[in-house]
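Each remark here refers to the structure printed beneath this line.
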2 protein chains.
Amino acid sequence: MAGKKKDVIDISSSLPDIWRMLTDAEREILRSNARIVHFKKNELIYLEDDTPRELMCLFSGKVKIFKSGVGGRSQIIRIIRPIQYFGYRAYFARENYVTAAMAFESCAVCMIPMELIERFLRENGNLAFFFIQMLSVDLGIADQRVVNLTQKHVRGRLAESLLALKESYGLEEDGATINIYLAREDLASLSNMTTSNAIRTLSNFVNERIIAIDGRKIKIIDEERLHKISRMG
Amino acid sequence: MAGKKKDVIDISSSLPDIWRMLTDAEREILRSNARIVHFKKNELIYLEDDTPRELMCLFSGKVKIFKSGVGGRSQIIRIIRPIQYFGYRAYFARENYVTAAMAFESCAVCMIPMELIERFLRENGNLAFFFIQMLSVDLGIADQRVVNLTQKHVRGRLAESLLALKESYGLEEDGATINIYLAREDLASLSNMTTSNAIRTLSNFVNERIIAIDGRKIKIIDEERLHKISRMG
DNA sequence: GTATATTTGTGTTTTAGAACATAGTTCTAT
DNA sequence: ATAGAACTATGTTCTAAAACACAAATATAC
């Protein structure tokens with residue numbers, strides 16, 4: 001019961017965007033239908049071809065959305081940070097998932113039935129517009145990503161990924177180390193290259209004093225150069 | 001005046017999806033604010049970094065949405081067929097356009113002020129959901145496209161593009177020729193390859209009796225093999 | 001209808017990045 | 001705490017596709 005109470009508090013205070021837009025009645029319905037699910041590191045949240053049923057909001061932890069491509073080679077499509085929503089696109093498109101989601105590290109995810117969300121947003125223009133905006137922003141990012149991944153060279157793609165990770169998860173207290181603990185393989189599948197190439201290019205960046213590496217921790221030394229490398233391709 | 005009348009008729013009968021969802025009052029407002037603009041072959045409809053102001057619906061003709069990538073190399077992001085909407089994403093995301101749009105061939109485009117559309121959809125759940133669905137479908141396609149363009153080889157990418165063109169614009173009366181007149185360069189920038197590679201691979205497909213070529217006209221002879229090549233990468 | 005520009009086709013060279021191999025290192029589960 | 005698995009690192013080889021070069025064929029504009 002204490003646990004239940006805690007969840008309720010989490011939900012109302014941790015869904016700021018959606019919560020703000022609802023009426024009291026809607027909030028009550030949402031409160032009694034939402035649940036919080038915990039995932040361990042590397043645990044799957046949903047699978048490619050699953051049927052989408054719930055809107056998910058990441059409360060804590062880090063999540064990757066990925067696709068298995070040609071010959072099982074997997075590709076990270078986007079990364080989710082706390083208080084971001086995910087898992088809703090396929091439901092709206094009336095499709096099964098075309099991606100899978102996995103916890104990079106242990107996570108708490110709030111799940112809200114999509115039927116509820118659809119019912120609310122058909123009555124609530126602000127909520128509808130909130131989703132329209134999220135989808136529009138994501139579609140713009142996806143369009144940009146197509147060009148970045150296909151036209152930039154490995155150095156440009158890796159530089160871009162490092163900057164994206166910094167953008168999403170921020171820096172540690174030293175103001176330089178990217179706040180994520182990522183295998184080289186994940187860095188590779190985020191940057192569309194082989195693991196060898198990610199390792200090699202990372203080493204080059206270290207030699208050029210653009211970054212410093214301590215195991216999986218990456219410290220950005222010369223962010224300006226990273227930006228330049230990312231821009232130039 | 002006769003011309004004006006004609007436009008009005010076109011608008012009500014050619015915007016089936018949106019029209020159906022509006023009230024009579026909304027229809028009246030829309031009718032008096034929509035305009036039809038004609039574009040000649042290769043004319044630009046909007047430019048990268050322009051400010052989006054209008055929802056566009058292609059009434060007739062063919063349109064490409066493209067981005068200029070690294071070193072000016074342009075990449076076709078998607079192609080628009082008649083009765084498809086476009087140009088609205090950036091407005092919803094509160095961004096300028098990140099893509100440009102150009103007429104493949106002479107076009108008639110219906111333009112509706114985006115403010116109007118936003119006002120309507122905030123009041124009209126069905127209209128809002130219509131846009132949510134379009135955006136969701138497009139985002140799914142974009143995610144798929146990232147993997148296709150980065151992981152498939154030239155043959156797979158070209159096969160896929162040919163099938164996509166057939167899907168969008170259909171076949172001519174012979175039931176085999178793709179109903180579009182496209183330069184090799186456009187075919188290349190749709191398939192993310194150089195023009196030389198598009199030409200060469202097209203020739204290979206001809207030698208393998210998968211397609212036949214007459215100038216820019218492409219006839220699909222063995223669609224099954226195209227599908228197979230596209231799937232296999 | 002002719003001239004000029006653009007597009008198409010093909011051969012050759014070059015190169016970025018994949019594939020492969022192998023050793024050392026670091027996780028992780030029991 | 002230790003064994004086994006997974007990850008990291010680096011060198012070497014191989015290959016798909018880009019870059020380049022140049023005819024030939026078509027389009028487009030005047």
Side-chain angles (χ1 to χ4, degrees), chain A residues 40-43 69-75 102-106 147-161 180-207 211-218 229 232-233, chain B residues 40-43 69-75 102-106 147-161 180-207 211-218 229 232-233:
Chain A
K40 283 179 289 208
K41 190 184 160 92
N42 293 329
E43 208 173 342
V70 181
R73 225 178 102 202
S74 103
Q75 159 115 33
M102 181 186 273
F104 268 138
E105 54 184 56
S106 80
V147 174
N148 286 343
L149 286 186
T150 56
Q151 298 198 357
K152 286 183 186 175
H153 287 184
V154 278
R155 286 171 61 88
R157 300 204 302 271
L158 186 65
E160 195 189 10
S161 293
I180 189 171
Y181 189 75
L182 210 59
R184 299 288 189 269
E185 190 183 350
D186 277 323
L187 201 52
S189 84
L190 188 63
S191 315
N192 184 40
M193 60 186 69
T194 54
T195 307
S196 310
N197 260 327
I199 291 167
R200 218 182 294 268
T201 310
L202 227 39
S203 297
N204 292 342
F205 284 176
V206 171
N207 292 335
I211 60 171
I213 287 178
D214 178 15
R216 290 188 179 182
K217 281 294 181 179
I218 298 169
I229 293 169
M232 291 305 140
Chain B
K40 282 178 288 207
K41 190 183 160 93
N42 294 329
E43 209 173 342
V70 182
R73 225 179 102 200
S74 102
Q75 159 115 34
M102 182 187 272
F104 268 137
E105 54 184 57
S106 79
V147 174
N148 286 344
L149 286 186
T150 56
Q151 298 198 358
K152 286 183 185 174
H153 286 185
V154 278
R155 285 171 63 87
R157 299 204 301 272
L158 186 66
E160 196 189 11
S161 293
I180 189 171
Y181 187 76
L182 210 58
R184 300 287 188 269
E185 190 182 350
D186 277 323
L187 201 52
S189 84
L190 189 63
S191 315
N192 184 40
M193 61 186 67
T194 55
T195 306
S196 313
N197 260 327
I199 291 168
R200 218 182 294 269
T201 309
L202 227 38
S203 298
N204 292 341
F205 284 176
V206 171
N207 291 334
I211 61 171
I213 286 179
D214 178 16
R216 290 189 178 179
K217 281 294 181 180
I218 298 169
I229 292 169
M232 293 304 140

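Every chain is numbered from 1, with letters handed out A, B, ... down the list of sequences. FYI, side chains are in, hydrogens and waters are out, and symmetry mates aren't considered; it's all heavy atoms of this structure.
- Spacing between atom CG of Asp214(B) and atom C1' of dT7(C) amounts to 15 Å, rounded to whole angstrom units.
- Applying the side chain to side chain donor-acceptor pair (under 3.5 Å) rule to Ser189(B) yields no partners; only residues at least two apart in sequence or on another chain are considered.
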- Can you give one letter per nucleotide of nucleotides 18-30 of chain C, going 5' to 3': B for a protein heavy atom under 4.0 Å from the base, S for sugar-phosphate only, - for none? SBB------SS--

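- End-to-end axis angle of the helix from dG1(C)-dC30(D) to dT30(C)-dA1(D), from C1' rotation axes over five pairs per end: 70° (rounded to 10 degrees).
- In this structure, the side chains of Leu202(A) and Leu158(A) come closer than 4.5 Å at one or more pairs of heavy atoms.
- Partners of Lys41(A) according to the side chain to side chain donor-acceptor pair (under 3.5 Å) rule, which considers only residues two or more places apart in sequence or in another chain, do not exist here.
- For Thr195(B), the side chain to side chain contact (heavy atoms under 4.5 Å, CB included) test picks out Arg184(B), Glu185(B), Ala188(B), Ile199(B), with sequence neighbours left out.
- For DNA chain D, the span of nucleotides reached by chain B at under 4.0 Å from its heavy atoms goes, 5' to 3', from dA17(D) to dA27(D).
- Summarising the geometry of Met193(B) relative to Val154(B), their closest heavy-atom pair is CE-O, 3.3 Å, with the distance given to 0.1 Å.
- Shown here for Arg157(B) and Lys152(B), the closest heavy-atom pair between the two residues is NH1-O, 2.8 Å.
- No donor-acceptor distance shorter than 3.5 angstrom exists from the side chain of Arg73(A) to the backbone of Gln151(B), with no hydrogens or angles considered.
- Heavy-atom minimum distance, Asn192(A) versus Gln75(A): OD1-OE1, 3.7 Å.
- Without hydrogens or angle criteria, Arg216(B) side chain to Tyr181(B) main chain gives no donor-acceptor distance under 3.5 Å.
- What you find for Lys40(B) and Glu43(B) is that their closest heavy atoms are N-OE1, 2.6 Å.
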